[in-house]
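So that the names make sense, note that chain A is the first sequence line, chain B the second, and so on, each numbered from 1.
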Amino acid sequence: MQAQTDPTPIPIEDEYLFGWNPTPGIVSVWAHRDGRALIWRRVEGRIVRSAERYRPWLLATSLQDVSYLGDALQPYNEHAGHKVILRYRELEGPTASYNYLLFARDSRLLERTILEGAGLRLRRPVSSINELGDAYYRVGTVEQYLMSTGKVYFRGLTYQDLHRLQFDLETTALDPHRGRIFLVAIRDNRGFERVLEASTPEEEAQLIYDLCALIRERDPDVIENHNLFGFDLPFLEHRAVVHRVPLEIGREGGPMVLESYAETLAVGPEARKRNRFSVAGRELIDTLDAVRRHDFVVRDIPGYGLKEVARYFGLASPKRVYIEGGDIFETYQKNPELVRRYALDDVKEVDGLSQRLLGAPFALASMAPRRYERLTSAGPAMGILEPILVRSYLRRGAAPPYRAAQQSAEDGLHEGGAVHLFASGIAEQVVKADVASLYPSLMRTFRIGPSCDRLGIFLNILGRLTDLRLEHKEMARRTRRHAVESNHHAATQAAMKILINAAYGYMGAGSMALFADGKAAGEVTRRGRAILNSILDALRQRGMALIEADTDGVYFAVPKGWSASQELDLVNAIASELPAGIRLEYEGRYRAMLSHEVKNYALLTYDNRLLVHGVALRSSRAEPFGERFLRKALHCVMVGDVVGVRNLYLEAISDLRNRRLPASDLATRVKLSKAPDTYLAARNNHQEPAYEALLHAGRNHWHVGERVRFYRTRKGYVWLPDETEEATIVTDWREQADGKVAPQKKTALVTYQDVADRRDYDVEHYIQVLRNSYAARLSKAFSKESFEQLFRTEQQPSLFDVDPPIESIEPLWIRHNA
DNA sequence: GAAGGGCGGGG
DNA sequence: GTGTACGCCCTTC
């Protein structure tokens, strides 16, 4: 599919969701505050730029702050002389809504005029529209342009049509004050690949210049990297300032230089700023944002680092070069070719990640009136759904509801979904069933939408999304996997799912959201609880052992020996008793489950994979030996092998006592948050192991953010320098087919240092850690007495007169009530 | 327990 | 300022 020269009109019923202007191929928009807009379109593979004008606007609840203008304020359609400063259009709606659309030729002029009037009215200077609370509603300039024209990004394009470039900096340090760029890897999805290098500090300026020239020459629509906003762009910007090289990476026709501005991420006196960057004509995409968005739903990604994520998604090539961060520059000096390969592997993985994760934001950009680059990180409710709703109201000439008007509705605020723990212990033959899109289904089935949505657009959009999503899901299934068309459908359905899931949260979002309705949200949860309760009752009546349930799903154990199809039949039978429009689905089956606490459990799949959910079962300390013990012990306990658990424990203790493990196996790693002087000032009151380890090693200098690995001896803490990275190797364990855990072999470029192999650790301390931090996570699997007996060392006396033989100990079973 | 900090990613 | 709202985890009172 390519951008067509002859645009297809948007069907009337889709105008709310997709906008109404059929202009195809928009890949970037840059709108100045003075009403100039630049639009870049990809037409038959080539870039076409056009300059347009738009009218800057904002929404107002009244004209009181601008009425002082007299004749200089005119209705939109009136002809008037050149003295007109502001124009307005009255929107139809009740008094408590944004009844006026104000326009000026420049949005700064527009805002200044309002501030002036507000100052007169309040008899004090007003310096920001924000001070006027909810009286005004503003969006960014590109949003103004898109909302008023009904255009969106990417009409008629597929993801493959985008020209995407990835670049990755390799630097001598993490901090641009302390280090410099020595290498940049660049590639794009048109087959281009290059490495730029600066082997001496003097060459860095030229390197930055060359990078910019290369980006202009390749002329991509999108620039991507992992942690682009958090690392590469700030670092690049800093180094560019040092060398006075302008970062000209924009697209011909607009401002060329990269802009950076602070984005406030939290409210309050200590609002944290993060730098955002923007450049005319290109969309800047940070794959880290996409990973966070993805994990928000799946909550299954162990870490967000590029290498970790690439492995998680199966994108990492077996030949991938791994080098620890701190070793990269050193390695470069010895073996530059290896670092070139490493950096190119990085950008390739970023491309893979983009293909895997950016399809949904791409599809969202063809619906919502916002820039593509904003849709990776924008909140789906306030950031995407609301702009779509506002655009629809403006299209109809209707006044969007006024936030303050909903305050009263918030009183009857909802309780939220319930979470229940029915049993802890070990269950076998576990089934997970859940209601597909429970809240959206309830909203649609029972027509529960925000009462302030007079035009019913919220439910209209929700219904349209639900129907279209099913169609795209079906099309994705029917087309050949990984084909362009199939990917398009899969991404579109994922995008729609994001919006569908945002609908309920948006309604309950409180006074921040224009279309919030706490009462309606409460009605949804009330009905949701009723549905869940009827499912739980049905399971109980059939004797199933309930384990845990949350808002829309339940884990339960079925009788031993049931087949998958028996389980499916049960779920279907219960599903058939639910109201029409509510679908209960058979989501999965597991060989066993350890239920620890609500939302904290371990699952064993039928192909022997161990899945651990929740922080209570994961260790924050992460000493390699403890992690290893816990994974193996979890596996044993879940198959009922109590003797195996005991043996693992004794083995681990014996390994410690006989000092069979290297210190690196017992070390833990923390990130420093205090600068040397801060720590030294507080040291007398409160000592912290990581800093003590450094001081002991004679290191009085460190930087905040440095990761320090250390272990404990009888005398104190010992620092394990980071140059040795065998910890990464030994923690990289993989389950084999027979359920055993084995170290994963991996090419490592690191050298072992003597210190990592030291054995002078405090054995008794680590035995305590093993018991209190790791074995303790199995406590829910046993009775108190059994637990005591299992995790007692030979030396410790029994608390009970007579111990039963270990062989006779059973886990606490959660079983079907026959 | 609730409230208050700190952190993620990156070399 | 092409403004604008993150969540989890650990520590502390």
Next item on the list: Write down the distance between OH (Y304(A)) and P (dG10(B)), rounded to a whole number of angstrom.
Entry: 13 Å
Check: Hey, does L169(A) reach any base, or is it just sugar-phosphate, or nothing, if we go heavy atoms under 4.0 Å?
Finding: sugar-phosphate
Notebook entry, point to check: With no hydrogens and no angle check, is any side-chain donor or acceptor of Y506(A) less than 3.5 Å from a backbone partner on F515(A)?
Noted result: yes
Check: In whole angstrom, what separates L174(A)'s CG from dG9(B)'s P?
Finding: 13 Å
Checklist line | Length of the CG-P vector between L288(A) and dG10(B), whole Å | finding: 8 Å
Notebook entry, point to check: Distance between the C1' atoms of dG11(B) and dC6(C), in whole angstroms?
Noted result: 25 Å
Checklist line | Nearest atoms (heavy-atom pairs only) where R370(A) meets L146(A) | finding: N-CD1, 3.6 Å
Note to self: For a quick check of understanding: with a heavy-atom distance under 4.0 Å over all strands, which category does D346(A) fall into, base, sugar-phosphate or nothing?
What the structure shows: sugar-phosphate
Next item on the list: Rounded to the nearest 0.5 Å, what's the gap from CD on E386(A) to CZ on R391(A)? Could you check?
Entry: 13.0 Å
Next item on the list: State whether R374(A) places a side-chain N or O below 4.0 Å from either non-bridging phosphate oxygen (OP1 or OP2) of dT4(C).
Entry: yes
Check: Would you call the rings of Y137(A) and Y98(A) parallel, tilted or perpendicular, where under 30° means parallel and over 60° means perpendicular?
Finding: tilted
Next item on the list: Could you check whether T171(A) gets within reach of a base, just the sugar-phosphate, or nothing at all, counting any heavy atom under 4.0 Å?
Entry: sugar-phosphate
Next item on the list: Write down the distance between CD (Q144(A)) and P (dG1(C)), rounded to a whole number of angstrom.
Entry: 13 Å
Margin query: Counting only side-chain heavy atoms from C-beta out, which of dG9(B), dG11(B), dG1(C) sits nearest to R33(A)?
Written below: dG1(C)
Item checked: Atom-to-atom span, CG of D295(A) to P of dG9(B) - whole angstrom -> 10 Å
Notebook entry, point to check: Which is true for D168(A) with a 4.0 Å heavy-atom rule: it touches a base, it touches only sugar-phosphate, or it touches nothing?
Noted result: sugar-phosphate
Next item on the list: Report the distance from atom CG of N227(A) to atom C1' of dC7(B), rounded to the nearest whole Å.
Entry: 13 Å
Note to self: Output the rounded distance in Å from CZ (F229(A)) to P (dG1(C)).
What the structure shows: 19 Å
Next item on the list: Using a heavy-atom cut-off of under 4.0 Å over every strand shown, decide if G179(A) touches base, sugar-phosphate, or nothing.
Entry: nothing
Next item on the list: Can you sort out the partners of E197(A) under side chain to side chain donor-acceptor pair (under 3.5 Å), two or more places apart, ordered by chain and number?
Entry: Y332(A), R340(A)
Margin query: Starting the side chain at C-beta, find the nucleotide from dG11(B), dG10(B), dG1(C) nearest to L306(A).
Written below: dG10(B)
Margin query: OP1 or OP2 of dC6(C) versus the side-chain N and O atoms of R293(A): is any pair under 4.0 Å?
Written below: no
Check: Under 4.0 angstrom, heavy atoms only, what part of the nucleic acid is G325(A) near: base, sugar-phosphate, or nothing?
Finding: base
Item checked: P atoms of dC9(C) and dA5(C), separation to the nearest Å -> 22 Å
Next item on the list: Write down the distance between CG (L233(A)) and P (dG10(B)), rounded to a whole number of angstrom.
Entry: 15 Å
